[in-house]
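First up is the structure itself, then whatever we jot down about it.
Below, chain A is the first sequence line, B the second, and so on; all start at residue 1.
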Amino acid sequence: MGLYLIKRLLSLMPVLLGITLLVFGFLHFIPGGPAVVLLGERATPNQVAALTRQLGLDQPLWVQYVKFLGNLVQLNLGTSIMSGIPIADELRVRCPATFELAIAAMLVALTIGIPAGVLAAVYKNRWVDQLTMTGSLLGVSLPVYWLGLMLIYLFAVNLQWLPASGRISVDAGLTFQPLTGFYVLDAMLQLNGGALVDVLAHLVLPAITLGTIPLAIVARITRSAMLDALSQDYIRTARAKGVPTWRVVGQHALKNALLPVSTITGLQFGTLLGGAILTETIFAWSGLGSWIYQGILERDYPVVQGGVVFVAIAFVLINLLVDLSYAVIDPRVQYS
Amino acid sequence: MLATRSWQRFWRSPAGKIGLILAIGLVLLALLAPILHPYDPTTDRNYLARLVPPSSDHWFGTDALGRDILTLVWYGIRTSLWVSVGSVGLGLVLGVPLGLVAGYVGGTVELVINWITDILLAFPSILLAIAIVTVTGPSLTSAMLAIAIVQVPIFIRLMRSMVLSLKQQEFVQAAQALGATPVQILWQHILPAGLAPIIVQASLAIGTATLEAAGLGFLGLGAQPPTPELGTMLADAFRGGYSLTSPWTTLFPGLFITLMVLAFNLLGDGLRDGFDPRSQ
């Protein structure tokens, strides 16, 4: 396993290097180059020339790239043009917000998607199956930003059951102290029941919005994996031995159907980090996505650059973790 | 004979039939927009009838500039279809040849193409598209290019895997023995045999591209005013602060994005049932 991990990490190196090359090129491809980008379009030629020298932009590209890599390794991603806050500090604050939302969205997807997929497989071609498959098709076809707006209109404006935006309300925020940045966890650690309810209420609509696409995919994959598992000989044997249906489905079939589900869950989790940009924008969720969006609007390129490189590297590492988790879930998988 | 059976399988699939009918309907709507549209999308503004709810004059209501939402949605479908079909077309033109070459030539060429593919796939698709548009500047063409680049690695992977299995087949070896050039083998023998999964993927990709194009439009990185586009309409209502007070400004554009994506997803599912040898 240790050797496999080293091999996999080494094989990731070219991809990680490629990501950094692309992101390095990103600032250089922008019309005017990095100095104009940093100074803004109204900068005088003298100012541009001075900054070009100061930042070493007059040096050969490969020297600049090596410096960029060095800075990246030290998590020195520059500072935001607009706020002047170092990108690394912003990442530390905003990362937990996005991960909390992504975890909540995945929980929505799994708690609804797996039972729906199992029911659809058990009652194949019956109305439960058709309903699940139609819902799943609709789920992958919905634009999440539109779904978010519709949910806000229905549940926050009309019914007034849930808050429309943000992570915590002003009142609850008065007695609340962020520790880890994961507000649900923080509220629990502080034994602050009022804040916990408030934070959870703020999480519901964004989590449903972001979780819709993975929910649809998880339901589909669970259904097909369950259909596959239910047609195996050991299921027939279990049934013949008189094992109750719920045990055949829940213990024998589902256990074996979970491997493809776990794969897709991991892959979708990575995608959620990217998808969060739209959901966070709608719900004014102060995570990575809304920060990158703000960076785009304000033409704050270091923010966009830092955000993109961070999410891409996180995406690659999460996919590696998914690969490694197979051995834990399925004892038949061995790495060498 | 094989094609007839594939079509029969396609017609037996309800998903395919519904998808095809919806897709044809949407394409017809898009083509007929300049002839049948009730109002002009850019010049017809009635400042006295701003944010009017759906009525007999304006079936889908009006927006904050007093423009007819039905007309905007109608033209928006045209823009969205153009961007999504265009970007998938461009993705095919770039991805399929690279996949063919990677699979057939192998060696260093394959390594380099695989490396580029892996890097592009390392970015969540919407994020990659955003990064590209940030560099090229927001416009409809930029959005199309960005979405095409997002599609390229998927087509490379798919085509390469088809070539790898097809080049071991007897008909390809026979062509090689008869002295066919690599270009002839790829163009005349391997490409036609491996085209079905590519067509299926292209249909599904149009659905994804529609979502991504509207997503970029929503972030202000796609079509620029006054070009009517469905994602931009949602963004206008959201940023203008009237999406919640005048819900018809968001309801109809969103419904039609969903309908477009649904149409091409259903069509893709149907085509897969009929034509993709791997699903049989």
Side-chain angles (χ1 to χ4, degrees), chain A residues 11-12 14-19 21-23 25-31 133 137-138 140-150 152-154 156-158 164 213 270-278 281-282 289 292-293 295-297 299 301 304-305 307-309 311-313 315-316 319, chain B residues 15 19 111 114-138 204 207-208 210-212 214-221 230-231 234-235 237-239 243-245 247 249-251 253-255 257-266 269:
Chain A
S11 71
L12 275 185
V15 175
L16 291 176
L17 215 61
I19 293 173
L21 255 177
L22 208 67
V23 175
F26 174 74
L27 269 186
H28 288 263
F29 289 139
I30 291 173
M133 285 302 97
L137 187 70
L138 208 63
V140 290
S141 307
L142 279 173
V144 287
Y145 34 93
W146 179 64
L147 177 67
L149 286 175
M150 292 293 118
I152 291 176
Y153 179 71
L154 190 64
V157 177
N158 262 1
I213 291 179
T271 314
L272 284 185
L273 296 181
I277 192 163
L278 292 160
T281 302
I282 302 247
I292 296 174
Y293 174 63
I296 295 169
L297 285 187
R299 302 181 78 79
Y301 294 107
V304 183
Q305 191 186 35
V308 169
V309 78
V311 174
I313 291 175
F315 188 53
V316 171
N319 289 351
Chain B
L111 270 178
N114 279 351
W115 181 57
I116 297 170
T117 312
D118 285 345
I119 294 167
L120 291 178
L121 287 175
F123 292 88
S125 56
I126 187 80
L127 202 68
L128 181 61
I130 287 169
I132 296 167
V133 178
T134 314
V135 175
T136 52
L204 294 169
T208 327
T210 306
L211 275 182
E212 279 160 3
L216 287 177
F218 183 75
L219 293 172
L221 297 172
L230 300 172
L234 289 177
F238 176 63
R239 281 197 224 132
S243 62
L244 300 177
T245 48
T249 53
T250 43
L251 180 69
L255 267 181
I257 299 173
T258 311
L259 199 65
M260 284 178 70
V261 182
L262 200 61
F264 287 99
N265 279 346
L266 283 168
D269 279 351

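Neither the backbone nor the side chain of B:Ile132 comes within contact range of chain A; no heavy atoms are under 4.5 Å apart. Both the backbone and the side chain of B:Leu255 come within less than 4.5 Å of a heavy atom of chain A. Contact of B:Ile126 with chain A is made through the side chain alone, with heavy-atom distances under 4.5 Å. Both the backbone and the side chain of A:Ile282 come within contact range of chain B, judged by heavy atoms closer than 4.5 Å.
The greatest number of non-hydrogen atom pairs below 4.5 Å with chain A, out of B:Leu211, B:Leu120, B:Leu128, B:Leu259, is found for B:Leu211. No other option in B:Asn265, B:Leu121, B:Thr210 has as many heavy-atom pairs under 4.5 Å with chain A as B:Asn265. Heavy-atom pairs under 4.5 Å with chain B were tallied for A:Leu138, A:Val316, A:Leu21, A:Val308; the largest tally goes to A:Val308. Contacts with chain A were tallied for B:Val135, B:Val133, B:Leu221; B:Val135 has the most, counting heavy-atom pairs under 4.5 Å. Put simply, of A:Val157, A:Leu142, A:Val23, A:Leu16, the one with the most heavy-atom pairs under 4.5 Å next to chain B is A:Leu142. Ranked by non-hydrogen atom pairs under 4.5 Å with chain B, the options A:Asn319, A:Leu149, A:Thr271 are led by A:Leu149.
The shortest side-chain heavy-atom distance between A:Tyr145 and A:Thr281 does not fall under the 4.5 Å cut-off. Taking 4.5 Å as the limit, every side-chain heavy atom of B:Ile130 sits out of range of all side-chain heavy atoms of A:Tyr293. A:Leu17 is not listed as a side-chain neighbour of B:Ile119, based on a closest heavy-atom distance of 4.5 Å or more. Two residues are said to be in side-chain contact when any heavy atoms from C-beta on lie closer than 4.5 Å; A:Leu137 and A:Met133 fail this criterion.
Across all non-hydrogen atoms, the minimal contact from B:Gly231 to B:Ile257 is N-CD1, 4.3 Å. Across B:Pro138 and B:Gly220, no two heavy atoms sit closer than the pair CB-O, 3.8 Å.
Using a distance-only test at 3.5 Å, with no hydrogens or angles considered, no donor-acceptor pair links the side chain of A:Trp146 to the main chain of B:Leu234.
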